[in-house]
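Values in this document were obtained by computation on a predicted structure and should not be read as measured data.
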Amino acid sequence: MEYPFDETLQAQPAEAFDKPSPLGRWLLAGVLFMAYLPMQVLLAIPAVAVAVAFGGLTSLEDLLESELVLWMTLGAAALAAFLTIVVALAWPWVWRLLTSRDIPLREWIAWRLPKRLPLWAVPLLTLPLLIVVGALVSLIFGPTEIEIQLQLFSTPALRVVSAIVVSTVVPVAEEFIFRGAIYSALLPPEAGEAGWRRHALPFVVTTLLFAAVHLLAGFETAAAIIQILILSSFLTALRTVTGSVMPSTLAHLVWNFTAAIGLILTSVVDMPV
């Protein structure tokens with residue numbers, strides 16, 4: 001049995017494989033989107049039910065401050081992200097079973113070696129950008145942290161698990177959805193628009209959609225919105241320039257890991273002595 005990651009990195013000409021149809025691309029984008037975002041809500045419902053039934057929580061404020069709800073919400077996010085990644089990696093095999101067409105993962109979500117920019121250079125670009133953006137946005141608009149982030153890093157155990165979740169499965173799942181499946185679905189055929197014009201619509205829609213989803217997740221302050229727009233533009237630019245979702249995935253991992261370390265240090269410093 002061939003695994004998706006193996007076949008996507010083989011040095012084979014593009015014509016050796018079929019191309020996904022527009023319907024197939026949108027189907028994958030929809031499946032991944034549903035597996036990630038709505039699934040988080042569905043998996044979090046038991047958290048609220050348990051908290052109300054056994055925790056004596058009666059108000060929305062109590063629910064938001066409940067450590068039990070925080071743990072179950074974090075678990076829901078991790079499970080949904082993991083499910084999204086599994087579905088994405090298994091998609092070529094599923095499609096082969098349904099249609100008998102052999103289409104590798106690189107054709108679905110652009111999981112291929114990047115052009116123009118080596119992967120080792122991605123952290124060298126990401127870290128300075130994060131530091132500069134974080135400093136400027138905080139200086140001009142105030143703190144970029146939002147309430148849910150502070151709550152998820154409010155206890156030692158939550159800090160460790162939250163840092164692991166937001167630095168591993170969450171960024172990979174989000175890149176597979178946005179810069180991978182949705183970007184590829186929006187990208188016109190090569191026989192249509194030429195050059196960079198092919199990427200105008202995918203760039204704009206993917207950047208704004210990623211930011212909008214985070215807005216719904218609580219990134220409502222001016223500082224948080226501006227920072228997430230800059231991050232989204234940077235990640236989408238990596239996808240556009242390199243033709244691959246690998247650089248944006250690596251950059252997202254580096255960004256989230258660095259931000260998680262910053263939240264941990266902030267939480268520790270602010271702890272009462």
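Side-chain N or O atoms of Arg159 include none that pairs as donor or acceptor with a backbone N or O of Leu265 at under 3.5 Å. A distance-only check finds a donor-acceptor pair linking the side chain of Arg112 to the backbone of Arg106 [under 3.5 Å].
The hydrophobic clustering, which links ILVMFWY residues whose side-chain heavy atoms are closer than 4.5 Å, places Phe234 and Phe141 together. No continuous path of hydrophobic side-chain contacts links Val205 to Leu187 [ILVMFWY only; heavy atoms under 4.5 Å].
For Trp95, the ring pair (Phe, Tyr, Trp, His ring centres under 6.0 Å) partners are Trp91, Trp108, not counting sequence neighbours. Here Phe203 pairs with nothing under the ring pair (Phe, Tyr, Trp, His ring centres under 6.0 Å) rule; sequence neighbours left out. Under the rule for a side-chain hydrogen bond (donor to acceptor under 3.5 Å, both in side chains), His214 has no partner lying at least two apart in sequence or in another chain. Partners of Leu263 by side-chain contact (heavy atoms from CB on, under 4.5 Å), not counting sequence neighbours, listed by chain and number: Glu145, Gln149, Leu150, Phe153. Applying the ring pair (Phe, Tyr, Trp, His ring centres under 6.0 Å) criterion to Phe178, with sequence neighbours excluded, gives Phe210.
Considering every non-hydrogen atom in both Ile182 and Ala29, the closest pair reads CG1-CB, 3.9 Å.
Through chains of ILVMFWY side-chain contacts below 4.5 Å, Leu124 is grouped with Trp120. In this structure, Val86 belongs to a hydrophobic cluster whose other members, linked by side-chain heavy atoms under 4.5 Å apart, are Phe82. In this structure, Leu136 shares a hydrophobic cluster with Val132, the cluster being traced through Ile, Leu, Val, Met, Phe, Trp and Tyr side chains under 4.5 angstrom apart.
Of the residues listed (Thr240, Thr206, Thr207), the one engaging Tyr183 in a side-chain hydrogen bond (donor to acceptor under 3.5 Å, both in side chains) is Thr240, and it is the only one. A side-chain contact (heavy atoms from CB on, under 4.5 Å) with Met246 holds for exactly one of Leu117, Val122, Leu113; it is Leu113.
Sorted by first and then second residue, the side-chain hydrogen bond (donor to acceptor under 3.5 Å, both in side chains) pairs involving residues 124-143 (not counting sequence neighbours) form an empty list. Sequence neighbours left out, the pairs with a member in residues 168-178 that pass salt bridge (Lys or Arg N to Asp or Glu O under 4.0 Å) are Glu175-Arg179. Sorted by first and then second residue, the side-chain hydrogen bond (donor to acceptor under 3.5 Å, both in side chains) pairs with a member in residues 76-88 form an empty list; sequence neighbours excluded.
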Could you list the donor-acceptor pairs under 3.5 angstrom formed by side chains in residues 160-169, with sequence neighbours left out?
residue, atom, partner, partner atom, Å
Ser162, OG, Leu152, O, 2.8
Ser162, OG, Leu158, O, 2.7
Ser167, OG, Ala163, O, 2.7
Thr168, OG1, Ile164, O, 2.4

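The CG atom of Leu28 sits 8.5 Å away from atom OG of Ser184, with the distance rounded to the nearest 0.5 Å. For the atom pair Leu250 CG and Leu238 CG, the distance stands at 9.0 Å (nearest 0.5 Å). Summarising the geometry, atom OG1 belonging to Thr258 is positioned 10.5 Å from atom CG belonging to Leu253; distances are rounded to the nearest 0.5 Å.
Residues Leu208 and Leu229 meet the side-chain proximity criterion, which asks for heavy atoms closer than 4.5 Å.
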